[in-house]
Protein chains: 2
Amino acid sequence: MNNIYGTLNELLVKLFNDILQIEEDALKIDEFSNLSITEIHVLEAIGPEKARNMSSVARDLDITIGTLTIAINNLVRKAYVDRVRCDKDRRIVLISLSDKGKKVYRHHEKFHEEMINTTISRLSDEEMKVLISALGNINSYFKEKYNHKKQYK
Amino acid sequence: MNNIYGTLNELLVKLFNDILQIEEDALKIDEFSNLSITEIHVLEAIGPEKARNMSSVARDLDITIGTLTIAINNLVRKAYVDRVRCDKDRRIVLISLSDKGKKVYRHHEKFHEEMINTTISRLSDEEMKVLISALGNINSYFKEKYNHKKQYK
DNA sequence: TACAAATGCTTTGAGAGTCAAATCATTTTA
DNA sequence: TAAAATGATTTGACTCTCAAAGCATTTGTA
């Protein structure tokens with residue numbers, strides 16, 4: 001029992017500590033080597049659908065609008081994002097993925113798909129349900145901790 | 001089936017994207033509010049055992065020695081880390097956790113324990129095996145991707 | 001209708017984390 | 001003993017981040 005506990009701990013710690021770096025490295029193998037993991041997450045948040053305003057994307061990413069402005073400056077410069085002012089309300093800035101940006105989006109999506117496939121390839125339906133429940137528990141635990149913190153903000 | 005796939009993807013993405021922030025927030029509730037998650041990871045890498053040199057800790061953390069030097073400067077200033085030159089080979093710098101640093105180490109360890117306990121408290125032995133196997137698969141996947149990258153470094 | 005308030009975004013200043021390259025001190029090797 | 005190797009620090013530059021100040025536009029109201 002103790003052994004299972006230790007194994008699980010080790011797996012989670014490794015996963016949590018390394019995940020961002022590994023994800024970035026995995027993505028950088030290919031043609032998009034001038035993108036950081038942060039920038040990829042911005043592209044992911046904008047999404048391939050219709051244009052979005054700065055505020056909503058910043059809220060989704062849990063960063064300030066000022067931080068997002070700077071990130072978008074760079075992504076526009078690198079031609080992954082298009083930025084236009086809204087005609088109906090000229091305060092609003094609309095951002096959307098360029099063709100190049102959409103390509104990155106799909107590439108990142110594929111990375112996730114591969115990851116999931118690798119994860120579940122040897123699992124039965126029953127086992128998958130178990131996995132989902134366990135991951136749900138972890139998420140709940142963090143959420144609880146997180147909200148506790150937020151009260152003190 | 002597709003639904004299970006989507007749920008799993010969502011859970012993993014959420015977990016991976018939020019994990020560092022949530023961990024930092026959870027840890028900052030308490031007395032060690034002047035430590036970043038990065039600094040806590042440095043303390044974790046040094047460990048509570050005997051003193052270690054800069055190179056090996058930097059290698060474990062996958063950062064350059066220069067970056068570690070700066071981190072250690074701050075941790076020494078904040079009294080979480082002791083730094084001495086090795087007598088036998090005066091090129092080598094030995095770093096170790098101070099009592100205060102060891103306290104943080106144990107606190108962080110406890111956080112992980114709590115996380116794991118929450119996760120497994122509702123799982124049977126059988127379910128735990130599934131979780132371990134799935135997480136192992138994810139780790140393997142990343143490792144494979146990661147090593148692939150390293151060839152190009 | 002004009003002007004104050006609110007809204008949406010950008011800019012600025014500052015701090016942390018990171019790297020590569022230059023530098024310094026010490027030890028090893030030829 | 002001089003050159004090379006090793007281990008760490010320093011320096012300069014970049015990214016990511018925030019808070020606060022500033023700017024342009026729209027909304028609300030007297």
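In what follows, chains carry the letters A, B, and so on, assigned in the order in which the sequence lines appear, proteins first and then strands, with residues in each chain numbered from 1. What you see is a predicted model; the values in this text were computed from it and never measured.
Using a 4.0 Å cutoff to heavy atoms of chain A, the contacted part of DNA chain D runs 5' to 3' from D:dC16 to D:dT26.
Between B:Ile65 atom CD1 and C:dA21 atom C1' the separation is 14 Å, expressed in whole Å. Spacing between atom CG of B:Leu68 and atom C1' of C:dA16 amounts to 15 Å, rounded to whole angstrom units. Put simply, CZ on A:Arg52 is 11 Å from P on C:dC9, counting in whole angstrom units. Taking atom CD1 on B:Ile92 and atom C1' on C:dT28, their separation rounds to 13 Å, with Å as the unit. Separating the CD1 atom of A:Ile63 from the P atom of C:dT10 is a distance of 12 Å, rounded to the nearest angstrom. Straight-line distance from the CG atom of B:Leu61 to the C1' atom of C:dG17: 12 Å, rounded to whole Å. The distance between atom CG of B:Asp62 and atom C1' of C:dC19, rounded to the nearest whole Å, is 12 Å. Taking atom CD1 of residue A:Ile70 and atom P of nucleotide C:dC9, one finds them 15 Å apart after rounding to whole Å.
The distance from the CD1 atom of B:Ile92 to the CG atom of B:Asp87 is 11.5 Å, given to the nearest 0.5 Å.
Proximity of a side-chain donor or acceptor of A:Ser96 to a complementary backbone N or O of A:Lys50 within less than 3.5 Å is not detected. Proximity of a side-chain donor or acceptor of B:Glu39 to a complementary backbone N or O of B:Ser36 within less than 3.5 Å is detected. In this structure a side-chain-to-backbone donor-acceptor pair under 3.5 Å is present from B:Lys100 to B:Lys78. Judged by distance alone, the side chain of B:Arg85 and the main-chain N or O of B:Leu94 form no donor-acceptor pair under 3.5 Å. Judged purely by atom type and a 3.5 angstrom limit, B:Ser133 has no side-chain atom pairing as donor or acceptor with the backbone of B:Lys129.
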Practice task
With side chain to side chain contact (heavy atoms under 4.5 Å, CB included) as the test, would you mind laying out the steps for A:Thr67 and A:Leu61 before giving the verdict?
Solution key: CA-CA 10 Å; A:Thr67 298; A:Leu61 287 166; over 6 Å; no

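Backbone-only contact: A:Asn53 has heavy atoms under 4.0 Å from sugar-phosphate atoms and none from a base.
B:Tyr80 and B:Asp99 share no side-chain donor-acceptor pair at under 3.5 Å.
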Tabulated below should be each protein N or O lying under 3.5 Å from an N or O of nucleotides 24-27 of chain C; please produce it.
unit_1, atom_1, unit_2, atom_2, d
C:dT27, OP1, B:Arg90, N, 3.1
C:dT27, O4', B:Arg91, NE, 3.4

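Contact annotation: B:Thr64 side-chain N/O to C:dC19 OP1/OP2 distance is under 4.0 Å.
Residues A:Asp62 and A:Arg59 are not paired through a salt bridge, judged by the lack of any N-O separation under 4.0 Å between the basic side chain and the carboxylate.
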